Amino acid sequence: MKISATLLAVAALALTAATADAKGCLKGAAVGGVAGHYAGHHGVLGAIAGCAYGRHHAKEQARQQQEQHDAPAAHGNPPPAGQEKL
């Protein structure tokens, strides 16, 4: 009974889920799963936590890169020739 309920829940989530942005999640899940397995046979919980942390870390890196791209003058870098503010 547990197996069929689990399979039904997974199938329902797979059908209703939109495309996911998994940057950072896969690496974090792998590391978290291994760490959770060795820390008391909680590999699934470790994978979930690792995925959440990996996704958070990837979003932070993307935000920092976007800030650097949007405001190069704010970091002491002058804009390229011909692109100064008027």
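Note that the numbering runs from 1 along the sequence shown for the chain. Nothing here was measured: the structure is a model prediction, and the numbers come from that model.
A search for side chain to side chain donor-acceptor pair (under 3.5 Å) contacts involving H57 returns Q61, not counting sequence neighbours. Q66 is linked by a side chain to side chain donor-acceptor pair (under 3.5 Å) to D70, counting only residues two or more places apart in sequence or in another chain.
In this structure, CZ in R63 is found 10.5 Å from CD in Q68, a value given to the nearest 0.5 Å. The structure places CD of E60 at 11.0 Å from CZ of R55, a figure rounded to the nearest 0.5 Å.
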